[in-house]
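Structure first, then comments.
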Amino acid sequence: MPYRNEILRRTNIVIDIGVFIGNTPMYFMLKGVNHVIALELVPFYCSLLIENVKLNKLNHRIESKCIAVSGLSCILELGLLSFKTLKLT
């Protein structure tokens, strides 16, 4: 997998969707990526993600967003929770 590490070292920005508490954004930082946009839908995980980024002093390199990703721009309702979606085209 050395070729993957080389690709990551040459990558400036990664958009990571469904990051849980931030494990993969931290991995990308270790591999030399300059900036990660970390997107997480679940509010509890998102709060842990934000705290994790702060504790690791990566606020300037990991941009945490509590948002869903969809092909539509809409409000997504799942049970008692409602989420704003980010339309990717």
Side-chain angles (χ1 to χ4, degrees):
M1 293 199 283
Y3 70 94
R4 288 185 185 164
N5 292 338
E6 182 58 33
I7 290 170
L8 286 175
R9 272 194 292 278
R10 292 182 300 178
T11 302
N12 290 320
I13 298 175
V14 170
I15 299 174
D16 192 357
I17 300 171
V19 299
F20 186 49
I21 62 169
N23 302 3
T24 51
M26 302 294 172
Y27 171 79
F28 293 139
M29 292 292 107
L30 291 172
K31 294 300 178 183
V33 172
N34 294 326
H35 190 82
V36 176
I37 299 170
L39 308 176
E40 176 54 55
L41 168 67
V42 179
F44 178 69
Y45 296 152
C46 195
S47 64
L48 294 176
L49 163 66
I50 292 167
E51 188 62 27
N52 194 6
V53 169
K54 285 180 190 174
L55 288 172
N56 285 282
K57 298 181 174 112
L58 290 169
N59 304 49
H60 61 292
R61 294 181 64 200
I62 298 177
E63 185 179 338
S64 305
K65 301 280 186 187
C66 299
I67 196 163
V69 178
S70 170
L72 303 171
S73 181
C74 62
I75 300 295
L76 177 66
E77 294 191 27
L78 302 173
L80 299 175
L81 302 175
S82 179
F83 303 98
K84 182 179 173 185
T85 64
L86 172 67
K87 182 178 180 183
L88 293 182
T89 55

Test side-chain hydrogen bond (donor to acceptor under 3.5 Å, both in side chains) applied to Ser47 - qualifying residues, sequence neighbours left out: none
For residues 49-57, which side-chain N or O atoms pair as donor and acceptor with protein atoms under 3.5 Å away, sequence neighbours left out?
unit_1: Asn52; atom_1: OD1; unit_2: Asn56; atom_2: ND2; d: 2.8
unit_1: Asn52; atom_1: ND2; unit_2: Ile21; atom_2: O; d: 2.8
unit_1: Asn56; atom_1: ND2; unit_2: Asn52; atom_2: O; d: 2.9

Glu63 side, atom CD; Asp16 side, atom CG - distance, nearest 0.5 Å: 12.5 Å
What heavy-atom pair brings Met26 and Ile62 nearest, and what distance separates the two atoms? SD-CD1, 4.2 Å
Taking every heavy atom of Met29 against every heavy atom of Val33, the minimum-distance pair comes out as CE-O, 3.4 Å
What donor-acceptor contacts under 3.5 angstrom involve side-chain atoms of residues 36-43, with partners at least two apart or in another chain?
unit_1: Glu40; atom_1: OE1; unit_2: Val19; atom_2: N; d: 3.2
unit_1: Glu40; atom_1: OE1; unit_2: Phe20; atom_2: N; d: 2.6
unit_1: Glu40; atom_1: OE2; unit_2: Val42; atom_2: N; d: 3.1

Rounded to the nearest 0.5 Å, what's the gap from CG on Asn12 to NE2 on His35? Could you check? 11.0 Å
How long is the span from the CG atom in Leu48 to the OG atom in Ser64, to the nearest 0.5 Å? 11.5 Å
